[in-house]
Amino acid sequence: MGRIFTLDEARALMPQVKALTEPVYTLAASLAEELTQAEEARDGRRVEELRERLQVLVKSWQQSMQDLEADVKGLWLVDFDAGDGYWCWAYPEEALDHWHSYEGGFRSRVPADQRPGVRA
């Protein structure tokens with residue numbers, strides 16, 4: 001079992017998460033655009049090279065998130081285990097402001113202050 005985070009502990013990591021995610025996202029978007037152009041030009045060698053670069057880039061980002069003890073749940077989607085679900089963040093959100101149950105996933109997320117069982 002991994003680390004359990006309070007909301008404050010997870011939020012404390014967000015400057016690092018965002019600093020690691022933003023430049024990788026920007027580079028990945030650029031590579032994806034180049035990939036589209038290479039596919040349209042039917043440049044098979046360039047297509048394979050760009051796909052490999054994208055894969056390495058995304059794996060590197062995933063590893064950097066895991067090094068912070070965050071769970072990568074999708075491309076640019078990071079969760080922190082709250083013990084009863086996850087604190088959930090997706091790029092380019094400014095803050096870590098959502099929670100969802102273990103079973104519910106991203107689509108069932110609610111504002112963190114509306115997490116079930118939490119009293120105001």
Side-chain angles (χ1 to χ4, degrees):
M1 183 167 179
R3 178 177 171 188
I4 304 296
F5 290 86
T6 65
L7 182 54
D8 287 341
E9 289 170 337
R11 282 179 171 162
L13 291 172
M14 289 312 298
Q16 289 173 271
V17 169
K18 290 193 288 188
L20 291 164
T21 302
E22 188 166 5
V24 174
Y25 173 88
T26 301
L27 180 55
S30 176
L31 291 173
E33 188 175 314
E34 284 184 56
L35 175 59
T36 298
Q37 292 169 356
E39 288 171 336
E40 288 171 357
R42 299 179 187 218
D43 184 346
R45 193 168 130 221
R46 183 78 175 135
V47 165
E48 289 307 311
E49 175 190 329
L50 289 165
R51 284 182 181 159
E52 185 175 320
R53 287 180 63 193
L54 272 166
Q55 185 176 22
V56 168
L57 184 64
V58 169
K59 283 185 179 185
S60 172
W61 174 77
Q62 289 174 321
Q63 185 60 54
S64 67
M65 294 302 105
Q66 291 171 354
D67 291 347
L68 294 174
E69 298 182 87
D71 294 327
V72 174
K73 298 297 182 163
L75 197 53
W76 325 125
L77 178 61
V78 177
D79 284 353
F80 296 90
D81 195 334
D84 61 349
Y86 294 103
W87 307 115
C88 180
W89 177 81
Y91 183 81
E93 294 173 345
E94 285 298 316
L96 178 64
D97 288 330
H98 294 89
W99 175 91
H100 64 78
S101 68
Y102 290 132
E103 300 81 23
F106 183 85
R107 291 181 184 217
S108 70
R109 68 189 198 150
V110 297
D113 63 357
Q114 293 178 20
R115 175 178 160 206
V118 174
R119 294 191 177 137

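In this chain, residues are counted from 1 in sequence order.
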Can you find a heavy atom in the side chain of T6 that is under 4.5 Å from one in the side chain of R11?
no
Q63 CD: over 12 foreign heavy atoms closer than 6.0 Å
yes
Looking only at side-chain N and O atoms, does W61 offer a donor or acceptor that is under 3.5 Å from a partner on T21?
yes
Would you say that R46 contacts E34 through its side chain, given a criterion of any heavy-atom pair below 4.5 Å between the two side chains?
yes
CG on L31 to CD on E52, rounded to 0.5 Å
12.0 Å
Report the distance from atom CD of E48 to atom CZ of R51, rounding to the nearest 0.5 Å.
5.5 Å
With heavy-atom distances below 4.5 Å as the criterion, would you say the side chains of W99 and P116 are in contact?
yes
Going through the distances and angles, do K18 and W89 end up as a side chain to side chain contact (heavy atoms under 4.5 Å, CB included)?
CA-CA 10 Å; K18 290 193 288 188; W89 177 81; 3.7 Å; yes
CZ/R109 to CZ/R107 distance, rounded to the nearest 0.5 angstrom?
12.0 Å
Working to the nearest 0.5 Å, report the span between NE2 of H98 and CG of D113.
9.5 Å
Got L68 and L20 here, is their nearest side-chain heavy-atom distance under 4.5 Å?
yes
May I ask you to decide if the ring planes of F5 and F80 are parallel, tilted or perpendicular, using 30° and 60° as cut-offs?
perpendicular
With a 6.0 Å cut-off (strictly less than), is the heavy-atom count around CD of E33, excluding the residue itself, greater than 12?
no
State whether the side chain of T26 and the backbone N or O of E22 hold a donor-acceptor pair below 3.5 Å, judged by distance alone.
yes
Evaluate the ring planes of Y86 and H100, with Trp represented by its six-membered ring, and classify them as parallel (under 30°), tilted (30 to 60°) or perpendicular (over 60°).
tilted
C88 and L77 have their tightest heavy-atom pair at SG-CD1, 3.8 Å
Does the side chain of Y91 come within less than 4.5 Å of L75's, by heavy atoms?
no
Would you mind reporting whether R115 and L7 have side-chain heavy atoms less than 4.5 Å apart?
no
Contact check, side chains of L35 and V47, non-hydrogen atoms, under 4.5 Å:
yes
